[in-house]
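In what follows, a structure is listed as structure tokens, so that the remarks can point back to it.
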Amino acid sequence: MLQIHNNLTRQKEEFKPLDANNVRMYVCGMTVYDMCHIGHARVLVVFDVIYRYLCEVYGKDHVTYVRNITDIDDKIIARANENGENFNALTGRFIEEMHHDSDALGILSPNQEPRATMYMAQIIEMVQTLVDKGFAYAADNGDVYYAVSKFEKYGELSGKHIEDLRAGERVAVEDAKKDPLDFVLWKAAKPDEPSWDSPWGKGRPGWHIECSAMSTECLGHNFDIHGGGMDLQFPHHENEIAQSEAATGEKFANVWMHNGFVRIDDEKMSKSLGNFFTIREVTKKYDPEVLRYFILTSHYRSPLNYSDKQLDTAKAALTTLYTALRGVEITAPDSRDTEYHQRVCNAMDDDFNTAEVLPVLFDLAKQVNRYKDSNEEKAKYFAALLSDIASMIGLLGQDPEAFLRGGSSVRGGDEGVSADEIDALIEQRNQARIAKDWAESDRIRDELKAQGVVLEDSGGVTSWRRE
RNA sequence: GGCGAGGUAGCAGAAAGGCUAUGCAAGUGAUUGCAAAUCACUCUAAUGUCGGUUCGAAUCCGAUCCUCGCCUCCA
């Protein structure tokens, strides 16, 4: 029985999809004006794992996963101007970069990836509905605002009260707003800004309405899961609820999920603080799967402290797992009906506890290693299980040799000794070993070690990996 | 100020009212020409602090200290 922590009720609940034949999940994706950082990697990985498990439980064809792209907003416009570039060219470029990163991280494609600019009609329609129903008003300056005080449940998701928000108000009140808490649905265009025609003149949508319109269009008025980063809970998701429920008169998402932050030195990693690393920077030094593994070592709602030391640990752990798989033929993997599969399901059923899945992988790796030299059939059996189980959370999908031989030097573009050179040196060393010339044998091993290549003589063969 | 999350071994990080987390690191043995890898074994918590409930609490309750997040664009 799958249980999910629902931020709307602030407790773990049994997950009951509205329609088990079509489980629907919407996740707030990226605003594409720059490279993705590790915080983005976490959302991608966390919800990818959730998506995979929903597919496991309900069947691949019975889950619809939508992750949007915000491709029009202030920052995009500002960046495009800085670059002297059309905003579409800019967002197109960074969408490609994002896909590059998510592929590297082993993220499955969502079923739909709606872009705000392609849903302008639906956005305008929803704003109009809100105006018609009296939840929104057009101000003198051409902007359209949502009147927060009209929506009774405002604050339900974030646990905030309108009075508290007023007391803590720190934003200068814009004249056009009737109430400082009101937020913009439609922004009138300034000269030279990209704009779309609307009943209120040329302009562009506010950020919150984009997600309301896209999720409703793609998944219907009422759907199962809405996710995103912690920081989106307020105001973004709160506003989405206010917009969608006011517009449709129906309940919006049933379950709200928010992943915790990536931190650096106990501080939130974010663009505004400037203390972020991009995925691209990190994957120059580490295999992207190392980053994925690192993310999965902690529960998705906990904060995650990033450091090279943590990635080194993750890398060592993955090396152990891949070393077990190395040299074993993986045959028709099917782990269902095994205790291992059950253990993984138990862990995942408990609010997607990926950290509890990892020990299962190590148990299996141990079995493989145990039988590797003595019982090939058993080794193959456990290797197949390991591979299959790991794939449930998107791990161990690479060829073991490729992972083990791809050290940071290779990733950084500086290969150092080539594979051919290494093979030649190993051959030389083996000649020396046959002649019992240990000095020469060790010299070659040390020479390679100095270049980050580790030799391992086991089972009569010498294999190598990069550090 | 309002609201929320959390404080677990050298590090990271699960579980959780009595039953081995796990990984990395460390130690011992087997193996190895020596290593590495692997296997077996070992090792570290009186689970922030102080009280309470209980036969028994890290796990429940109260207090307290500390850290972090949201309240502004942000995954």
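In what follows, every chain begins at residue 1, and chains take the letters A, B, ... in the order their sequences are listed.
Nearest nucleotide to the side chain of Pro235(A), out of C71(B), G13(B), A75(B): C71(B). In this structure, of C71(B), A36(B), C73(B), it is A36(B) that holds the atom nearest to the side chain of Arg465(A). When distances are taken from the side chain of Arg433(A) to each of A75(B), G33(B), G2(B), the shortest belongs to G33(B).
With respect to the salt-bridge test (charged N to carboxylate O, under 4.0 angstrom), the residues Glu238(A) and Lys153(A) do not qualify. Look at Lys366(A) and Asp363(A) and you find no salt bridge, because none of the NZ, NE, NH1 or NH2 atoms lies under 4.0 Å from a carboxylate O. Here Glu467(A) pairs with Lys449(A) in a salt bridge; the nearest charged N to carboxylate O distance falls below 4.0 Å. Under 4.0 Å is where a charged nitrogen must lie from a carboxylate oxygen, and between Arg263(A) and Asp266(A) at least one such pair does. Classification of Asp71(A) and Arg115(A) as a salt-bridged pair holds, one side-chain N sitting under 4.0 Å from a carboxylate O. With salt bridges taken as basic N to acidic carboxylate O contacts below 4.0 Å, none links Arg429(A) and Glu440(A).
For U28(B), the paired nucleotide is A40(B), the pair qualifying as Watson-Crick or G-U wobble because both relevant distances are below 3.5 Å. Pairing partner, G62(B): C50(B), with both Watson-Crick or wobble hydrogen-bond distances short of 3.5 Å. When both distances must be under 3.5 Å, the Watson-Crick or G-U wobble mate of A9(B) does not exist. Using N1 to N3 plus N6-O4 or O6-N4 for Watson-Crick, or N1-O2 and O6-N3 for G-U wobble, each under 3.5 Å, A45(B) pairs with nothing. Pair assignment for G4(B) gives C68(B), based on Watson-Crick or G-U wobble hydrogen-bonding distances that are each under 3.5 Å. For G56(B), there is no paired nucleotide, since no Watson-Crick or G-U wobble pair has both relevant distances below 3.5 Å.
Backbone-only engagement by Phe234(A) is indicated by non-hydrogen atom pairs under 4.0 Å involving sugar-phosphate atoms exclusively. Within 4.0 Å (heavy atoms only), Lys309(A) reaches sugar-phosphate atoms of the nucleic acid but no base atom. Using a 4.0 Å heavy-atom criterion, one finds that Arg443(A) contacts no nucleic acid atom at all.
A donor and an acceptor atom never sit less than 3.5 Å apart when one is taken from the side chain of Lys268(A) and the other from the base of C68(B). Below the 3.5 angstrom threshold, one finds no donor paired with an acceptor across the side chain of Ser302(A) and the base of G13(B). Judged by distance alone, with hydrogens and angles left aside, Arg263(A) brings no side-chain donor or acceptor close enough to the base of C68(B) to form a pair under 3.5 Å. You'll find a donor-acceptor pair under 3.5 Å spanning the side chain of Asp442(A) and the base of G33(B), going by distance alone. Residue Lys160(A) places no side-chain atom within donor-acceptor reach of the base of C71(B), judged by atom type and a 3.5 Å distance cut-off alone. Between the side chain of Arg445(A) and the base of A35(B), a donor-acceptor pair under 3.5 Å is found.
Map Tyr300(A) and Gly229(A) each onto its nearest nucleotide of RNA chain B; the residue landing nearer the 5' end is Tyr300(A).
Rounded to a whole angstrom, the distance from the C1' atom of A58(B) to that of C19(B) is 15 Å. Nucleotides G62(B) and C71(B) place their C1' atoms 28 Å apart, quoted to the nearest Å. Only the P atoms considered, U49(B) is 15 Å distant from A57(B), to the nearest whole Å. A distance of about 12 Å separates the P atoms of U31(B) and A35(B), rounded to the whole Å. Taking atom C1' in both U42(B) and A25(B), one finds a spacing of 14 Å when rounded to whole Å. Separating the P atom of U32(B) from that of C11(B) is a span of 37 Å, rounded to the nearest Å. For the C1' atoms, the distance from C24(B) to A63(B) is 37 Å, rounded to whole Å. Between U54(B) and A21(B), the two P atoms lie 28 Å apart (nearest whole Å).
Under the 30°/60° scheme for interplanar angles, the aromatic rings of Phe277(A) and Tyr306(A) are found to be tilted. Taking the six-membered ring where the residue is Trp, Phe183(A) and Tyr146(A) present parallel rings, their angle staying beneath 30° rather than reaching 60°.
Residue Asn353(A) has no polar side-chain atom (N or O) positioned under 4.0 Å from OP1 or OP2 of A14(B).
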Can you pull every protein N or O that's under 3.5 Å from an N or O on nucleotides 18-26 of chain B?
unit_1	atom_1	unit_2	atom_2	d
C24(B)	OP1	Thr320(A)	OG1	3.0

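The distance between atom CD of Glu163(A) and atom C1' of C71(B), rounded to the nearest whole Å, is 14 Å.
Annotation: cation-pi geometry satisfied between Lys160(A) and Phe234(A) (NZ/CZ under 6.0 angstrom from ring centroid, within 45° of ring axis).
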